[in-house]
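Everything on this sheet refers to the single structure shown next.
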2 protein chains.
Amino acid sequence: MDYEAVISSFNDALSSGKTIVLGFKGKVVYSGRAESVLQDGDRLAIIKSDRTLLIHQPSGSNPVNYMKEGSEHHLKKDEHNLVLSSRNLPLKEFMDIYIKAVYFLHAAPLLDSQKLQLAGTERDMALMLMQNPGLIEQGFTPLSNEEHTKYGFIDVFGYDRSQNLVVVECKRQQADLSAVTQLRRYVEKIKKMKGLARVRGVLAAPKISPNALAMLTDWGFEFRAVSPPNYFERHSQGQKSLEDF
Amino acid sequence: MDYEAVISSFNDALSSGKTIVLGFKGKVVYSGRAESVLQDGDRLAIIKSDRTLLIHQPSGSNPVNYMKEGSEHHLKKDEHNLVLSSRNLPLKEFMDIYIKAVYFLHAAPLLDSQKLQLAGTERDMALMLMQNPGLIEQGFTPLSNEEHTKYGFIDVFGYDRSQNLVVVECKRQQADLSAVTQLRRYVEKIKKMKGLARVRGVLAAPKISPNALAMLTDWGFEFRAVSPPNYFERHSQGQKSLEDF
DNA sequence: GGGGAGAGATGCCGC
DNA sequence: GCGGCATTTCTCCCC
């Protein structure tokens, strides 16, 4: 591929805010929050309209290297090869890509103002428990959302039927040791703030790891098997599908 | 763009394990671990040789939607549009992309056997402290790696000059509340395993948040300002650069 | 802008 | 495969 033509197309695309996709063979060197070298291989470079740079290998879901939004990119010829230099001065991050071959270069002015609508998060799970407190236990009475925030980042917070305070920590997937220590931290915070000797801690998650369960029971806390709400599962039998949104 | 030609190119690329890049306008619907809808917009779809699918919007560093390695992908015509259906039956995940326009389609047989060489990780920081125990304090004696692993995932572990056990937790960036609770968990584990009343806990990080510092001192632990080793900074004044590797 | 915490987290290593 | 944990985590929310 003609390097002059590549540089020309690249600069044109960059200045007009197009999204650029480059298939190349080369080496990637990064220096910033850490340091890395990735020896020659075939990769995909993507420069977005916000000047984010992603380097993707032909497998795996994460980029092997990247530069954050607002970075500067310069493509230039260096002896026999192309070099793509990216820098982000405010973040003190630098990347150099030594390009040995260009397989393809494509640029298009992509426009997208949409945001992802997501259901089934931990927040949805907490809302579900506020609306169905019986999923924690009979007689559980959640406090309002206002009061909830007053005590910090506690997912669900309320009283059991004996007027004991209950702190509920939700996890949308299997709860681990850090979920237990997080719950413990919240319970201790409430005890201290309220001057109470007894505050119950409940961990609500679809499942829990054995070690986490051991630590949970050691600390006198409880586990409730609860899964996050799933819009599709709740509505699919009733004719409606996600696609209708 | 001719849809028949697109489908033909796509199927050919997919069956031969090429990496595919598709610039398109359309809607993305996902159902699996959660549920999501993303209304019409211009995006990039990437299918890697391991059949990972990434959907990227024209800004931001993370994919807005994705399907994991090993998913199946089928592109077909549906009335006036194209539909890319992806499914991963073992993971019970599904995605449908309703394509209103194809801006470009490119496929190339990318080959890459290299792994990223990364320096400046938390593990590197722990090794640095093992080799320079004075960074923790004078008289600190780390135990060997074998003994270290015996007690679990503790970063650095040793004795101070008064033969007190010291547990060191490293963070490569600012330490937060969860770093303190993690340290606390390790200290308690060692106390229990060894039957000791006193075990020191040290948090080594470049900095620490105010609340984390408060909790740390509440628990009688200590903070040491230590930054992860940075290969480039250590060698740049001595002529050598990362690029030489 | 910083702190705190979730994420459809992903990826790595160890058992 | 699961468990435990780091990540150049990234992203969002809220102060």
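To find a chain, count down the sequence lines: A is the first, B the second, and so on, and within it residues start at 1.
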- Task: Using the aromatic ring of A:Tyr30 (for Trp, its six-membered ring), decide whether it stacks on the base of D:dT8 within the limits of 5.5 Å and 30°.
- Result: yes
- Taking only the side-chain nitrogens and oxygens of B:Tyr186, find out if one of them lies under 4.0 Å from OP1 or OP2 of D:dC5. yes
- Is there a donor in the side chain of B:Asn211 and an acceptor in the side chain of B:Ser209, or the other way round, less than 3.5 Å apart? no
- So does A:Ser36 get a side-chain nitrogen or oxygen closer than 4.0 Å to the phosphate oxygens (OP1/OP2) of D:dT8? no
- Just call it for A:Val64: base, sugar-phosphate, or nothing, with non-hydrogen atoms closer than 4.0 Å on any strand. base
- Message: Using the six-membered base ring of C:dG8, report whether B:Tyr66 stacks on it, requiring centroids under 5.5 Å and planes under 30° apart.
- Response: yes
- A:Gln182 side-chain proximity, nearest of D:dC10, D:dT8, C:dA5: C:dA5
- Test: A:Glu188 and A:Arg184 ion pair at under 4.0 Å: yes
- Message: If you compare every side-chain N and O of B:Arg33 against the phosphate oxygens of C:dA9 (OP1, OP2), does one of them come in below 4.0 Å?
- Response: yes
- Message: So B:Val168 and B:Phe140, do their side chains get closer than 4.5 Å, heavy atoms only?
- Response: yes
- For B:Phe94, which contact category applies under a 4.0 Å heavy-atom criterion: base, sugar-phosphate, or nothing? nothing
- Hey, does A:Ser178 reach any base, or is it just sugar-phosphate, or nothing, if we go heavy atoms under 4.0 Å? nothing
- Query: Of the nucleotides D:dC10, D:dA6, C:dG8, which one has an atom closest to the side chain of B:Lys171?
  - Reply: D:dA6
- Query: Would you say A:Asn211 reaches D:dG4's phosphate, i.e. side-chain N/O to OP1/OP2 under 4.0 Å?
  - Reply: yes
- Query: Looking at A:Met95 and A:Asn65, what are the two nearest heavy atoms and their distance?
  - Reply: CE-CB, 3.7 Å
- Query: NA contact type, B:Leu116, heavy-atom cut-off 4.0 Å: base, sugar-phosphate, or nothing?
  - Reply: base
- Query: Any idea which of C:dG8, D:dT8, D:dT11 is nearest the B:Glu93 side chain?
  - Reply: C:dG8
- Between B:Glu122 and B:Lys171, is there a salt bridge with N-O shorter than 4.0 Å? yes
- Out of C:dA5, D:dG3, D:dT8, which nucleotide sits closest to the side chain of A:Ser209? D:dG3
- Check every atom of D:dC10, D:dT7, D:dG4 against the side chain of B:Glu122 and return the nucleotide holding the closest atom. D:dT7
- Message: With side chain to side chain contact (heavy atoms under 4.5 Å, CB included) as the criterion, how do B:Leu177 and B:Met215 come out once you've worked through the C-alpha distance, each side chain's angles and the decisive distance to 0.1 Å?
- Response: CA-CA 8 Å; B:Leu177 290 172; B:Met215 176 174 280; 4.2 Å; yes
- Which listed nucleotide (D:dC5, C:dA5, D:dT8) is nearest to the side chain of B:Leu118? D:dT8
- Task: Could you measure between the two C1' atoms, the one in D:dT7 and the one in D:dT11, and give it in whole Å?
- Result: 14 Å
- Query: Which part of the nucleic acid does B:Glu169 contact within heavy-atom distance under 4.0 Å: base, sugar-phosphate only, or nothing?
  - Reply: sugar-phosphate
- Item | Sugar-phosphate only, base, or nothing, as touched by A:Asp176 at under 4.0 Å among non-hydrogen atoms | nothing
- Using heavy atoms to find the nearest nucleotide of DNA chain C for A:Cys170 and A:Gly60 separately, return the residue whose nucleotide is more 5′. A:Cys170
- Task: Taking only the side-chain heavy atoms of B:Met95 (C-beta and beyond), determine which of C:dG8, D:dA6, C:dG4 contains the nearest atom.
- Result: C:dG8
- For the side chain of B:Arg172, counting heavy atoms from C-beta on, which of D:dT8, D:dG3, C:dA5 is nearest? D:dT8
- Item | Of the listed nucleotides C:dA5, D:dG4, C:dG3, the one nearest the side chain of B:Phe153 | D:dG4
- Item | B:Arg185 vs D:dC5: side-chain N/O to OP1/OP2 distance below 4.0 Å | yes
- Determine: side-chain N/O of B:Gln173 to OP1/OP2 of D:dT8, distance under 4.0 Å, yes or no. no
- C1' spacing across the pair C:dG6 / C:dT10, given as an integer number of angstrom: 14 Å
